[in-house]
Number of protein chains: 2
Amino acid sequence: MANIFLMKSIFQTIQDFSVEELNLLDDLITIRTLKKGEFLLSENQVCNEIVFIKKGILRSFFLNHKGDEITNCFAFENEFMASFASFITEQKAEENIQALIDTELQVLNRKALEKLYQSGFNWQETGRKLTELEFVNLHKRMVSFQKLSGSQRYEELYKNHQKYLQLIPLQYLASYLGITPRHLSRIRKTVA
Amino acid sequence: MANIFLMKSIFQTIQDFSVEELNLLDDLITIRTLKKGEFLLSENQVCNEIVFIKKGILRSFFLNHKGDEITNCFAFENEFMASFASFITEQKAEENIQALIDTELQVLNRKALEKLYQSGFNWQETGRKLTELEFVNLHKRMVSFQKLSGSQRYEELYKNHQKYLQLIPLQYLASYLGITPRHLSRIRKTVA
DNA sequence: AGTTTTTTAGGACATTTGTCCAGTAAAAGA
DNA sequence: TCTTTTACTGGACAAATGTCCTAAAAAACT
């Protein structure tokens with residue numbers, strides 16, 4: 001069976017769960033592994049699962065009108081990932097989610113989540129709180145696009161997540177920051 | 001007493017409420033009006049209320065490092081508005097919320113909302129669903145910043161919300177789109 | 001209505017960022 | 001290990017966008 005101790009302890013920080021409530025997870029979580037480059041989700045599929053990253057890195061990207069890949073999100077160990085927009089609306093996703101390195105996931109699918117929600121107040125409230133946290137994260141990213149330039153966003157990222165930067169190909173970073181690889185290369189000369 | 005029929009009917013579309021559940025709102029909603037230019041919220045205050053716009057327009061903005069006002073959101077009649085990030089985290093807001101024209105609001109404050117949440121499953125679930133919808137809206141805006149240029153964002157806005165564009169000073173629109181007023185003026189010549 | 005303040009348009013120029021490209025380096029595959 | 005593919009750097013130039021500014025228009029105030 002999956003070792004979901006860590007995931008449980010994250011839920012525990014959000015809500016004062018009983019052991020029984022947390023143990024509901026045991027039968028609902030499944031395991032999945034992805035090889036480097038493999039896809040968890042392709043655009044035009046409905047996203048029906050939320051994953052917890054036990055090991056590895058995921059990135060989410062979509063295509064612009066020219067067909068360039070635009071990375072809109074990275075997720076690392078001990079973080080949740082999904083196309084939340086698709087999961088919520090049950091519409092086809094615009095994003096692809098791909099493993100940047102070999103990755104090990106703990107999966108909670110829609111039916112499992114609904115079971116949790118139906119099980120009572122606490123899980124329902126946790127769902128709201130987690131959604132709120134996702135909102136706040138997204139809001140921060142949105143603000144960084146409105147008040148910072150591409151190079152300032154890079155500096156922020158460099159300050160806060162330097163350890164990750166080595167792991168991520170520059171082209172993915174560039175589109176995540178909203179600039180071209182050419183320009184990121186220029187910026188790197190002055191910052192790093 | 002406030003006429004909150006419309007607000008109720010919006011909640012009704014999200015959740016299958018009983019009349020009694022909806023009527024809980026009656027004692028929890030208060031009324032507030034703002035004159036053009038007045039502030040609903042100033043930065044460095046914690047946002048403790050969510051408002052429903054009965055009449056009028058609100059905009060939310062923050063300041064960048066130069067002291068320029070950056071508009072990050074508009075809200076119109078029959079929409080909800082708050083500094084959601086501040087409301088959620090209970091940290092000081094980075095935004096100011098201001099009335100663009102004389103505005104009439106129906107206000108739900110934190111305590112009132114918590115009462116609703118405590119009242120049972122349905123309001124709890126509605127809270128989650130509304131948060132999800134806010135997330136999806138923000139996500140759309142984020143995607144528009146990653147995959148479109150400033151002028152493309154203007155064209156989208158022009159197509160979808162032309163009626164509002166007349167009402168909003170160009171300088172506010174520009175920062176909302178992530179460009180300078182000078183540049184928006186250039187864009188307008190080619191589009192409009 | 002007259003006056004003052006704020007907003008908008010657009011010229012001239014500067015800066016930032018993108019495009020295209022070629023050479024090199026690094027990684028993946030056989 | 002060798003070969004092939006993919007990723008990165010940086011030059012030269014082009015396009016997009018910003019800065020600064022002035023005059024006109026619109027809005028607000030008295």
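Within every chain, numbering begins at 1; the chains are lettered A, B, ... in the order of the sequence lines, protein sequences first and strands thereafter. Side chains are part of it too, since the values below use all heavy atoms of this structure and drop only hydrogens, waters and symmetry mates.
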*Would you mind telling me which of dT8(C), dT17(D), dT19(C) lies closest to the side-chain atoms of Thr180(A)?*
dT19(C)

*Rounded distance (Å) that lies between atom P of dA9(C) and atom CD1 of Ile179(B)*: 12 Å

*Could you check how far CZ of Arg186(B) sits from C1' of dA15(D), rounded to whole Å?*
11 Å

*Nucleotide dA7(D), atom P - distance to CG of Leu167(A) in whole Å*: 16 Å

I'd like a table of atom pairs between the protein and nucleotides 21-30 of chain D - only N or O on both sides, under 3.5 Å - with the distance next to each one.
unit_1: dA28(D); atom_1: OP1; unit_2: Lys36(B); atom_2: NZ; d: 2.4

*Write down the distance between NE2 (His183(B)) and C1' (dT17(C)), rounded to a whole number of angstrom.*
12 Å

*If you measure from the Lys or Arg side-chain nitrogens to the Asp or Glu carboxylate oxygens, is any gap between Arg128(A) and Glu132(A) under 4.0 Å?*
yes

*Grab the CD-C1' distance between Glu69(A) and dT6(D) for me, whole Å please.*
13 Å

*Of the candidate nucleotides dA9(C), dT9(D), dT17(D), which contains the atom at the shortest distance from the side chain of Arg188(A)?*
dT9(D)

*Specify the separation, in whole Å, of atom CG of Leu184(A) and atom C1' of dG18(C).*
14 Å

*Rounded to the Å, how far apart are Tyr172(B) OH and dT8(C) P?*
9 Å

_Interatomic distance where CD belongs to Gln171(B) and C1' belongs to dA9(C) [whole Å]_ = 14 Å

*Respond yes when some side-chain nitrogen or oxygen of Lys66(B) is under 4.0 Å from OP1 or OP2 of dT19(D), and no when none is.*
yes

_Working for salt bridge (Lys or Arg N to Asp or Glu O under 4.0 Å), residues Arg110(B) and Glu90(B)_ = CA-CA 10 Å; Arg110(B) 188 184 298 281; Glu90(B) 302 194 48; 3.6 Å; yes

*Minimal non-hydrogen separation, Gln12(A) against Phe17(A), with atom names*: OE1-N, 3.2 Å

*Check: Phe76(B) ring centre within less than 6.0 Å of Tyr164(B) ring centre*: yes

*For the residue pair Leu165(A) and Arg188(A), what are the closest heavy atoms and their distance?*
O-NH2, 4.2 Å

*Who are the salt bridge (charged side-chain N to carboxylate O under 4.0 Å, His left out) partners of Glu49(A), not counting sequence neighbours?*
Arg32(A)

*asked:* I'd like to know if Asp68(A) pairs up with Lys147(B) as an ion pair, taking the criterion as any Lys NZ or Arg NE/NH1/NH2 lying under 4.0 Å from an Asp or Glu carboxylate oxygen.
replied: no

